[in-house]
There are 2 protein chains.
Amino acid sequence: MPGGRTGGGRGKPTAGDVAAAAGYSRTAVSFAFNSPDQLSRATRERILAVAEELGYRPSPLARMLRAGQTRALGVLLPQGLAAILRNPYYTEFLRGVGEVCDREGYTLLLTPPLRESMLEAIPYAAVDGFVVCGLETDRGEVAELARHQTPVVLVDGDPQSDAPGVDVDDRRGTREAVRHLVGLGHRRIAVLSFDPGPDAAVRGYRGPLARRLAGLADGLAEAGRTMADVELAEVPISRVDGERTVRRWMAGPEPPTAILALSDILAFGALEALRDLGVDVPGEVSVVGFDDLAEAARTRPALTTVRQDTEAKGRTAAGALLAAIRGEQQPVRRLLPTRLVVRASTAPPPPPGRRAEAAARNRGDGPSDEP
Amino acid sequence: MPGGRTGGGRGKPTAGDVAAAAGYSRTAVSFAFNSPDQLSRATRERILAVAEELGYRPSPLARMLRAGQTRALGVLLPQGLAAILRNPYYTEFLRGVGEVCDREGYTLLLTPPLRESMLEAIPYAAVDGFVVCGLETDRGEVAELARHQTPVVLVDGDPQSDAPGVDVDDRRGTREAVRHLVGLGHRRIAVLSFDPGPDAAVRGYRGPLARRLAGLADGLAEAGRTMADVELAEVPISRVDGERTVRRWMAGPEPPTAILALSDILAFGALEALRDLGVDVPGEVSVVGFDDLAEAARTRPALTTVRQDTEAKGRTAAGALLAAIRGEQQPVRRLLPTRLVVRASTAPPPPPGRRAEAAARNRGDGPSDEP
DNA sequence: CTGAAAGCGCTTACAG
DNA sequence: CTGAAAGCGCTTACAG
């Protein structure tokens, strides 16, 4: 490192350096910054001038250690930062958290997993508490988390956990979506589901996915059907994966008349595939999403989807965390509502004749977006 | 606060508490966590067990203070968190920063202004350095920033600053956009510009806006025209503001045949207004944006726009910051390229006859999106 | 109005 | 393999 870090010269100046240079004690330096009225004006100004000249700033770290608080809220994320910031769901969620931070004067620390583990990242985060997103692993982890004395609020977690948390009624929302489709007369429904966590095989589905799948089963049961009656694909949550899967379905022998996507992003991909294929939505195929991201109202046709107020979820979680930090203990589990928003992407299935015709036409490949 | 914080019992346990409970020194406790091979297996396991039982975790703050680093990158933002996270430009930018954080194992601290001031927020952020976004105020602030010993990289700043920074060639990009429009034959061009900072009146335009405006002037000059020949509106960067302004223009006596938006978000609003009004794009009116946000490729018609690689900007800024933190001093100013991406929203203006016709028709009001 | 001292919680040479 | 001691940089009673 160039310039070394010898005794009095290089390196960040400390309160001691300023005190020495100005001819006062470190106490005085501290007062100049924190309790101006403890000092004579002349003294304070002299100190501040010297501090300015030396480029001195009280170390935030030392201050925080002393104060016992950071005025930062942490968000423990289930994926890398780049992936999170590519996902509009998280952008909306973080916006809700951000509103609370803005109002309360907190900063926001985004903490991705360390060595694949969300929990390992904790010791590297200087925050007053964590909003923990989508921790879908063993309950043991949650319990461990709760025991460490840092306040936490769980979001999109496991329903059976006892830690304070915020979730939405995924199950009810999905059930309503299925009802809507069944009510319109659809019988060939395909479900665009998303990848469960890595250990789903061992532990079964968890969190929101488990609840959405339960809602799907509920809705089918009401119509006297089962999961065996629907085609279901599990793909990563991305536009292209939604698109690709729908293309495959539409090229198959018996394409669906309705597509239920368990995430709007997947639904956007579906819409794109159908448009490229020249399939009329909702005339030939209906599409339903989940989340009601901002874009859902702007697609053509506008997307019918299950609305959850993601921003409110973030706001609620951050609010609960702040309450916990302040010791206004209220370790509640909140369940925010969902509701089906019917827009323009759903309609009754086409009559059988027209359907066969369309299927034949759809053997070809649509053009891709860019030249 | 419930439960008080008496001597040995309540409150977060420290290494001392664990040492006492386990019957070892604090050194041993520290070794158990940081240098496992310094301890006999039995000792280490005993200590870890006690720590687990007490819910002890080494304090991140104390560790950071000791280590002299936080392994966190700060982003100093010009607006509140909620506003930032509503702006896709920042989402893309932060994604670039996030990629570097992911790769290097850093966390990301989002720091909004404190009491209206970006600089005031600095002492409350425990980070190893800052990416400073859109600091458009007095150069004095930048100089002050640079003097404090924290590494910084300026983004979207003032061109004349001497601090290390990353910017894009806004001027050239805008010039090309104007050229494109003029080349197509447009003479009635309206410019959707955005709000300058609060003190623009005193200090003149700064940063990217100044450069884009300069590029606009360049382009017009090439065609033998001046700023006086274009209609220009300054509005906040939001869809609705873009929409509203374009509606007003289209209802006027001589609506433009081309709209140049200095930000894609404004262009999206413009496109919405025109669709609602039943105005054909690009048949009747051409639209050009700036930024090339992801959505620009997905609008109908797809947006012609000046591309800047915002994600790369974030990546470059974070990379430069990291280099500065590591003392690989390279206080360079980088200028990333821009380039016009011609898509489907631009075409020659309609012949005069058709234009008058359209203008008459556009007196009415289009329907709004939601019922 | 100002200074010496303790302590926030940790880590790491250093000596045993 | 383990302990006593110093120090990261700050703030705040406490005494003058």
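Chain letters run A, B, ... following the sequence lines, proteins first, then strands; residues in each count from 1.
- Within residues 46-62 of chain A, the residues approached by DNA chain D to less than 4.0 Å at the level of any non-hydrogen atom are Tyr56(A), Arg57(A), Pro58(A), Ser59(A), Ala62(A), in residue-number order.
- The phosphate of dC8(C) (OP1 or OP2) has no side-chain N or O of Thr14(B) nearer than 4.0 angstrom.
- Residue pairs meeting the salt bridge (Lys or Arg N to Asp or Glu O under 4.0 Å) criterion with at least one partner in residues 45-56 of chain B, sequence neighbours excluded, are Arg147(A)-Glu52(B), Arg41(B)-Glu45(B).
- Using a 4.0 Å heavy-atom cutoff across all strands shown, Ser30(B) reaches at least one base atom of the nucleic acid.
- The ring pair (Phe, Tyr, Trp, His ring centres under 6.0 Å) analysis of residues 91-122 of chain B, with sequence neighbours excluded, yields no pairs.
- Counting only distance, with no hydrogens or angles, the side chain of Ser30(B) and the backbone of Arg26(B) share no donor-acceptor pair below 3.5 Å.
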Please list every donor-acceptor pair under 3.5 Å in which a side-chain atom of residues 110-118 of chain A meets a protein atom from a residue at least two apart or in another chain.
residue, atom, partner, partner atom, Å
Arg115(A), NH1, Glu120(A), OE1, 2.3
Ser117(A), OG, Leu119(A), N, 3.2
Ser117(A), OG, Glu120(A), N, 3.0

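- Contacts of Arg66(B) with the nucleic acid, taken as non-hydrogen atoms under 4.0 Å apart, include base atoms.
- Scanning DNA chain C for stems, defined as runs of 3 or more consecutive Watson-Crick or G-U wobble pairs whose donor-acceptor distances all fall under 3.5 Å, gives the following ranges: C:1-3 with D:14-16, C:5-12 with D:5-12, C:14-16 with D:1-3.
- Sorted by first and then second residue, the pairs that involve residues 123-134 of chain A and meet side chain to side chain donor-acceptor pair (under 3.5 Å), not counting sequence neighbours, are Thr70(A)-Asp128(A).
- In this structure, Arg44(B) contributes its side chain and Ala28(B) its backbone to no donor-acceptor pair below 3.5 Å.
- Atom CG in Leu65(B) sits about 9 Å away from atom C1' in dG7(D), given to the nearest Å.
- Annotation: side-chain hydrogen bond (donor to acceptor under 3.5 Å, both in side chains) contacts of Ser35(A) (sequence neighbours excluded): none.
- Leu39(A) comes within 4.0 angstrom of sugar-phosphate atoms only, judged by non-hydrogen atoms across all strands, and of no base.
- With rounding to whole Å, Arg44(A) atom CZ is found 10 Å from dC1(C) atom P.
- Residues Phe33(A) and Phe31(B) both approach DNA chain D. Their nearest nucleotides, taken by heavy-atom distance, put Phe31(B) toward the 5′ side.
- With sequence neighbours excluded, no residue satisfies ring-ring contact (aromatic ring centres under 6.0 Å, His included) with Tyr89(B).
- Near-neighbour residues of DNA chain C inside residues 18-28 of chain B, defined by a heavy atom below 4.0 Å, number-ordered: Arg26(B), Thr27(B).
- When the C1' atom of dC1(C) is taken as reference, atom CG of Asp37(A) falls 12 Å away, rounded to whole Å.
- In terms of the salt bridge (charged side-chain N to carboxylate O under 4.0 Å, His left out) criterion, residue partners of Arg57(A) (sequence neighbours excluded) are, by chain and number, Glu144(B).
- Phe33(A) meets the ring-ring contact (aromatic ring centres under 6.0 Å, His included) test with Tyr56(A); sequence neighbours excluded.
- Qualifying side-chain hydrogen bond (donor to acceptor under 3.5 Å, both in side chains) partners for Thr27(A), counting only residues two or more places apart in sequence or in other chains: none.
- Across all strands shown, Thr43(B) has heavy atoms under 4.0 Å from sugar-phosphate atoms exclusively, and none from any base.
- Computed from coordinates, the Gln38(A) CD to dC14(D) C1' distance equals 13 Å when rounded to whole Å.
- Atom name C1', nucleotides dT12(D) and dG16(D): the rounded distance is 16 Å, in whole Å.
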